[in-house]
Amino acid sequence: DIESKEPQKPKVESEGNAKPAAEKPEKDAKVVQAAIAEVEKAIDESLQSKSRKNICKVPDDWHIKYKPTVGSWKKFVASQKDKFKVIDLANGNFAIHRVSDELPESLTAKNPNKTWKKVLEAAWTMYAGVTPKYERDVDAFLSTLPSGVRSTKPDKGNSVVAKEKSEKKEAEATAADQNAKRKAEPENGTAEETNKDSASTKPAKKKKKVANKN
């Protein structure tokens with residue numbers, strides 16, 4: 001005999017626990033839009049600063065209102081590629097720009113080594129423009145840098161590049177000494193041979209006869 005099995009009925013949630021299928025996505029979309037507005041507000045506030053433009057402050061309640069849904073501040077901003085650009089800075093901070101913003105040359109240059117020099121020259125020009133000629137001083141200009149930056153020295157002990165340079169200089173010095181010795185040896189030999197030849201060609205001096213007095 002074949003046992004008959006009744007089809008299992010799908011579980012039906014109680015009315016209190018049931019959630020409309022579209023409710024959560026709609027809620028997430030609202031949170032995303034609110035988070036975007038927070039980023040826009042943070043950018044506008046940063047532009048009011050003279051020295052920290054586009055260095056945006058994270059909203060105090062971000063970890064409560066937005067992080068559970070959209071993630072961390074930087075991660076969310078970076079995910080909105082059609083609206084924002086995240087630029088990592090050398091000091092560890094990051095700047096947030098709108099996609100429509102024209103980025104400074106210092107952030108987009110292909111050769112940063114040349115760019116920072118141009119920026120430094122521009123800073124000196126600005127300094128000279130607001131400082132009388134008799135008051136211009138390089139030390140005063142550089143004193144605006146943080147003390148930690150001004151006291152920075154090359155780390156020769158741990159630098160592989162410095163070690164390689166040192167070894168290269170030692171090798172060059174050794175090679176130079178060897179070349180100098182090679183050049184000096186034949187010259188000395190020739191000089192000695194010349195002296196010998198000259199000595200052999202000189203006529204022998206005649207001994208003077210001393211007359212015997214009787």
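Just so it is clear, the model here is predicted, and its values are computed rather than measured. Positions are given from 1, in the same order as the sequence printed here.
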Only counting residues at least two apart or in another chain, list the ones meeting side chain to side chain contact (heavy atoms under 4.5 Å, CB included) with Val138. Trp124, Leu142
Say whether, by atom type as modelled, one donor and one acceptor occur between the side chain of Thr152 and the main chain of Gly148 under 3.5 angstrom. yes
Between Val70 and Trp62 the two heavy atoms that sit nearest each other are CG2-CZ2, 3.7 Å
Partner of Asn54 under side chain to side chain contact (heavy atoms under 4.5 Å, CB included), chosen from Asn93, Ile87, Ile43: Ile43
Least distance between heavy atoms, Pro68 atom then His63 atom: CD-O, 3.5 Å
Hey, what do you get for SG (Cys56) to CD (Glu45), rounding to the nearest 0.5 Å? 9.0 Å
Considering only residues two or more places apart or on different chains, which pairs with a residue in residues 68-87 satisfy salt bridge (Lys or Arg N to Asp or Glu O under 4.0 Å)? Lys74-Asp88
For Lys65, which residues count as a salt bridge (Lys or Arg N to Asp or Glu O under 4.0 Å) partner, sequence neighbours excluded? Asp61
Applying side chain to side chain contact (heavy atoms under 4.5 Å, CB included), name anything that partners Pro146, two or more places apart in sequence or on another chain. Val149
Report the distance from atom NZ of Lys57 to atom OG of Ser46, rounding to the nearest 0.5 Å. 12.5 Å
Atom pairs and distances, donor-acceptor, side-chain atoms in residues 29-42, under 3.5 Å, two or more places apart:
{"residue": "Glu38", "atom": "OE2", "partner": "Tyr66", "partner atom": "OH", "Å": "3.1"}
{"residue": "Glu40", "atom": "OE1", "partner": "Arg98", "partner atom": "NE", "Å": "2.6"}
{"residue": "Glu40", "atom": "OE1", "partner": "Arg98", "partner atom": "NH2", "Å": "2.9"}

Working to the nearest 0.5 Å, report the span between CD1 of Ile96 and CG of Asp101. 11.5 Å
Side chain Thr131, main chain Ala128, donor-acceptor under 3.5 Å: no
Among all residues two or more places apart in sequence or in another chain, which pass the side chain to side chain contact (heavy atoms under 4.5 Å, CB included) test with Ser79? Phe76
Show, in sequence, the C-alpha distance, side-chain angles and deciding distance for His97 and Phe84, and conclude whether the side chain to side chain contact (heavy atoms under 4.5 Å, CB included) test is met. CA-CA 6 Å; His97 292 262; Phe84 308 114; over 6 Å; no
